Amino acid sequence: MIRLPRVIGALLLGATLGASGAALQYVFANPLVDAGFLGVSQGASFGAALALVLGGGASALFGSAFGFALLALAMSVTMASRIRFGGAVLRLILSGMAVSAFFSALVALLKYGADPLSTLPEITYWLMGGLSGTSWKTLMVTSPLALLSVATLISLRWRTALLSLDEATASSLGARPRLERSIVLAAAAAGVAAVTAMAGVVAWVGLIVPHLARIALGGEGSPAVPGAAVLGAGFVVLCDAVSRGLFPGELPLGVTTSLIGTAAFFALLASRRVNVERG
Amino acid sequence: MRFEDVSYRYKGESSMAVAGFSMELKQGSVVALLGPNGSGKSTVLGMGAGWLRASSGSVQQDGSVAFLPQTERLAFAFTCVEYVSFGRAPHLPYLALPSRDDEERSLGALAAVGMENRARRRITALSGGELQLVRIARALVQEASYVLLDEPSDMLDPAHVATIGTTIRRLADSGVGVLLSTHDLGFAIDTADEAVLMREGTILATGRVAEALECAALGELYGTPFRMASIPTPARQN
């Protein structure tokens with residue numbers, strides 16, 4: 001049985017991950033990043049695991065995952081402002097890595113102490129990502145945030161593409177890189193935090209879909225963000241169908257997207273369709 | 001654009017990168033900054049562009065400024081016309097996309113540097129010389145009162161250098177003030193009206209290019225002897 005909330009959840013999840021991936025790649029001037037680089041996914045993982053250990057309901061899980069995702073982003077941004085070397089982008093990536101590792105360690109700690117018969121499998125299953133728990137109720141909470149995030153990222157698309165130019169160049173064109181980067185980061189992170197709190201960690205969509213969009217649209221620039229939103233929505237609906245249909249039980253969505261995503265990633269890099277940098 | 005007793009010190013450095021620098025850039029003229037590596041040319045341009053804030057002194061300008069840093073990291077494969085259109089950003093409201101008119105202007109700027117047939121090519125697929133011309137087109141489409149160029153002829157072949165020189169002269173003739181840094185003395189002589197010779201952050205000499213760029217001054221500037229040379233004309237065979 002295909003349930004409507006589940007399909008809507010898949011569309012929202014894919015659109016948010018795709019649009020935020022494309023936007024963040026511009027902001028970081030790096031075509032090989034997504035929201036995971038800001039610590040957002042690991043923060044959400046810890047929040048969810050904590051709620052499962054403490055035994056809250058579905059809304060406690062959502063709130064905790066969302067809150068810790070934003071906390072992780074805030075930690076990444078604060079740490080980046082304290083690092084004494086490197087440009088703004090390198091500092092954010094370094095601090096994002098550290099914050100991700102920190103929350104991974106906390107998740108491991110929670111798993112270590114969790115009841116191996118009840119809580120541990122729950123945590124493990126949630127971390128693999130999936131939409132089986134999506135209901136009208138979860139959508140009511142997730143969709144306003146996700147839609148607002150996608151709409152913001154789409155309306156900022158050209159300014160965001162401009163931020164991928166050098167900081168000196170962007171400022172000479174009247175941009176305020178620091179402020180504008182923060183706006184895009186906040187919009188992307190809020191959306192990703194919301195959909196991650198709903199569906200768990202669904203990896204590789206934000207990284208791979210923007211590249212597929214660029215190839216499909218034959219260009220860079222303003223169409224990439226909306227293109228990634230549309231393609232991301234389609235990609236996740238497809239992956240969710242594969243997850244449900246391919247095996248008698250159900251494959252976790254995060255496993256399916258990772259399997260397809262990594263294969264697509266290697267195919268892309270091998271085909272030289274990804275223009276990473278000159279030379 | 002007027003630099004008045006401007007100084008700049010980079011964070012963590014003990015010495016001034018630029019000290020007591022004063023000059024005026026008039027609209028319609030081309031001024032070349034010359035000097036050894038590290039003499040403060042790029043710092044002066046950065047302050048003129050508003051990218052660096054002078055530690056002391058002031059930079060005043062009565063119009064908009066376009067700035068081309070020496071190098072630029074290009075992480076994405078924009079088409080040339082998409083890339084040049086970014087030059088329209090100062091003319092657009094915050095959330096607006098470039099209009100048809102902006103695209104027409106961008107195509108016009110590409111045509112002005114002879115790159116109109118590259119408009120739909122990706123910037124990552126261009127040669128170094130072509131990329132520099134496209135970057136200059138981006139500065140042109142900004143339609144600024146002043147254009148600051150950091151080593152625009154760096155590492156280019158003579159044909160591209162000539163195109164860039166012609167473009168800069170045309171820009172100045174249309175009333176734009178151009179300040180550029182270069183190590184290419186021939187390019188400076190062909191393109192600039194005035195030269196500012198800089199060493200260790202201060203001005204050594206200024207003047208009309210023809211007078212300022214003579215062997216003794218250049219020798220002092222770069223710390224190496226200069227002599228006049230011209231390419232010998234081959235003897236004509238009858």
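Worth saying up front: this structure is predicted, and the values here are computed from it rather than measured. Side chains are part of it too, since the values below use all heavy atoms of this structure and drop only hydrogens, waters and symmetry mates. Within every chain, numbering begins at 1; the chains are lettered A, B, ... in the order of the sequence lines, protein sequences first and strands thereafter.
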Pick one of side chain, backbone, both or neither for B:Thr71, based on which atoms fall under 4.5 Å of a heavy atom in chain A. backbone
Identify which part of B:Arg138 has an atom lying under 4.5 Å from any heavy atom of chain A, answering side chain, backbone, both or neither. side chain
Which pairs count as side chain to side chain donor-acceptor pair (under 3.5 Å) when at least one residue sits in residues 167-177 of chain A, sequence neighbours excluded? A:Glu167-A:Arg181
Taking atom CD of A:Gln25 and atom CZ of B:Phe76, what is their separation to the nearest 0.5 Å? 5.5 Å
Partner set under ring pair (Phe, Tyr, Trp, His ring centres under 6.0 Å) for B:Tyr94, not counting sequence neighbours: none
Part of B:Ala144 lying under 4.5 Å from any heavy atom of chain A: neither
With no hydrogens and no angle check, is any side-chain donor or acceptor of B:Arg73 less than 3.5 Å from a backbone partner on A:Ala29? yes
Return yes when atom CE of B:Met23 has more than 12 non-hydrogen atoms of other residues, nucleotides or ligands closer than 6.0 Å, and no otherwise. yes
Can you tell which part of B:Pro90 gets under 4.5 Å to a heavy atom of chain A, answering side chain, backbone, both or neither? both
Can you tell me how far CG of B:Leu92 sits from CH2 of A:Trp158, rounded to the nearest 0.5 angstrom? 5.0 Å
Distance from B:Leu95 atom CG to A:Ile154 atom CD1, nearest 0.5 Å? 13.0 Å
Let me confirm one number: the CZ-CG distance from B:Phe78 to A:Leu165, rounded to the nearest 0.5 Å. 6.0 Å
What do you reckon, is CD of B:Glu200 surrounded by more than 12 foreign heavy atoms closer than 6.0 Å? no
Side chain proximity check, B:Arg88 to A:Leu173, heavy atoms < 4.5 angstrom: no
